[in-house]
Amino acid sequence: MRQAGRSLPEYRELRADVPMLAACRQPDLVCEITLQPVRRHGVDAAILFSDIVVPVAAAGIDLDIAPGVGPVVAEPIRDTAGVERLHRLTPADVSFVDEAIRLLVRELGATPLVGFAGAPFTLASYLVEGGPSRTHARTKALMYGAPAVWHALCARLAEITLEFLRVQVSAGASAVQLFDSWAGALSEADYRRYVLPHSAHVLSGLAGTGVPRIHFGVGTAELLRAMGEAGADVVGVDWRTPLDVAARRVGHGRAVQGNLDPATVFAPWPVIEAEVRRVLAEGRAAPGHVFNLGHGVLPQTAPEVLTRIVARVHAATAGPGGQP
Ligand code: CP3
């Protein structure tokens, strides 16, 4: 999950003099940062070091990632002229990602690499608000007040996202994750009307690649049914909804991912262990379960605790001898 690396001293050291976006554009650095949590924790897959705004910047939008704040956009998009500033993405615009993934796949050997992108709604929110927002008020104002502009913006973002994910799969990513982190700000009706068709376009566009598609959002308890319909193979769930409940909502044949509360790591070990076992037990209700946190690693997390959680999950799932 986002910021797994931020809890690691070796990550902070590498990033000390390199701004976030600059780091994302250096293939050798991307490769090394991506490998760090794999080496440390022995996780079963690596997640590409990048950010959801990388393709949007590559498509012509002037933005930065401010430390402790998140993405900040110089000129927010709120009309048709703004949408026009977002040009189509070509593979050449993100050749550094292609290069980083090729390096990584060689280094990772049998460990799969998960590529990712931001979903149209979450990207649109940053572009319309100009930065992170708690209420997404301007985003909703555009959605309700100028639906044609809204749909044009999301359609353009869906094309960029699809192209960006295709580049990652061609370079060797074994799975992709579509992050609609802030979709939980919407009612189910608004999600279905304004967002689902655009996310579904991205997910269906990847169907022919054969790689598993994961779709994740935060605060999506009421949206899980609709998110299941958007077409991913795996639906990521935050810590608020037990995985057995989530499995029923996302519908037949879909796996779930999650959902240990990221703050659990601050509890005493017996509490953490009980929570890990609960998540594993509830995950059995789905046809497949990718164990993960319910959202990003908090920067204050002690890396040793993450290593211990990974070992506990492995012990519980290591075949017939594994103890739940
Ligand atoms: O662990 C990883 O490094 C995985 C790579 C990754 C990053 N961003 C690196 C990053 C991933 C998968 C993301 C996705 C991302 N970025 C999402 C979707 C996932 C989620 O967590 O919901 C979102 C919403 C963003 C936007 C974003 N970028 C935010 C909200 C922030 C945090 C700002 C802060 O500092 O608190 C970022 C910055 C960011 N992205 C960092 C990293 C490692 C921190 C920057 C730094 O280290 O200086």
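Residue numbers count from 1 along this sequence. Order of appearance sets the numbers: ligands from 1, and atoms from 1 within every ligand.
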Seminar exercise, completed: Checking heavy-atom distances from atom 25 (C) of ligand 1 to each of I52, V114, D238, L21, the winner is I52
Exercise. Below 3.5 angstrom, do we get any N/O pair linking A66 and ligand 1?
Worked result: no
Exercise. Taking the hydrophobic residues Ile, Leu, Val, Met, Phe, Trp and Tyr, and joining any pair whose side-chain heavy atoms are under 4.5 Å apart, which ones share a cluster with V69?
Worked result: V72
Exercise. Can you check whether W182 has an N/O within less than 3.5 Å of an N/O in ligand 1?
Worked result: no
Problem set entry | Derivation and outcome, side chain to side chain contact (heavy atoms under 4.5 Å, CB included), residues V290 and I214 | CA-CA 10 Å; V290 180; I214 311 164; 5.6 Å; no
Exercise. Are G296 and ligand 1 in contact, using a heavy-atom cut-off of under 4.0 Å?
Worked result: no
For this session: Select the closest option to atom 18 (C) of ligand 1 among S7, G131, S181, G118, judged by heavy-atom distance.
Result: S181
For this session: Just let me know how R15 lines up against ligand 1, side chain, backbone, both or neither, with a heavy-atom cut-off below 4.0 Å.
Result: side chain
For this session: Check each heavy atom of V297 against ligand 1 and say whether those closer than 4.0 Å belong to the side chain, the backbone, both or neither.
Result: neither
Exercise. Is there a donor-acceptor pair closer than 3.5 Å between any side-chain N or O of D180 and the backbone N or O of F216?
Worked result: no
Problem set entry | Trace of the side-chain hydrogen bond (donor to acceptor under 3.5 Å, both in side chains) decision for S95 with D98 | CA-CA 5 Å; S95 58; D98 174 90; over 6 Å; no
For this session: State whether the side chain of D238 and the backbone N or O of G219 hold a donor-acceptor pair below 3.5 Å, judged by distance alone.
Result: yes
For this session: Mark the output for L48 as yes if a heavy-atom distance to ligand 1 is under 4.0 Å, and as no if none is.
Result: yes
Exercise. Does a donor on one side chain and an acceptor on the other come within less than 3.5 Å for H201 and E159?
Worked result: yes
Problem set entry | Electrostatic pair R254:E229 at N-O distance under 4.0 angstrom | no
Exercise. Can you find an N/O atom of Y11 closer than 3.5 Å to an N/O atom of ligand 1?
Worked result: yes
Exercise. Out of Q177, R12, M20, H295, who gets a non-hydrogen atom closest to atom 41 (C) of ligand 1?
Worked result: M20
For this session: With heavy atoms of G70 as the reference, note each atom of ligand 1 found under 4.0 Å away.
Result: 31 (C), 33 (C)
For this session: Could you list the atoms of ligand 1 found under 4.0 angstrom from a heavy atom of Y126?
Result: 24 (C), 26 (C), 30 (C)
Exercise. Any Lys/Arg nitrogen of R312 or E273 sitting under 4.0 Å from an Asp/Glu carboxylate oxygen of the other?
Worked result: yes
Problem set entry | Whether P71 lies under 4.0 Å from ligand 1, heavy atom | yes
For this session: Would you tell me which option among V218, I65, D51, V69 has the nearest heavy-atom contact to atom 28 (N) of ligand 1?
Result: D51
For this session: Heavy-atom contacts with F179 under 4.0 Å: which atoms of ligand 1 show up? List them by number with element.
Result: 12 (C), 18 (C), 19 (C)
Exercise. Between the main-chain N or O of L224 and the side-chain N or O of R249, is there a donor-acceptor pair closer than 3.5 Å?
Worked result: no
For this session: Could you tell me whether Q300 atom CD has more than 12 heavy atoms of other residues or ligands within 6.0 Å of it?
Result: yes
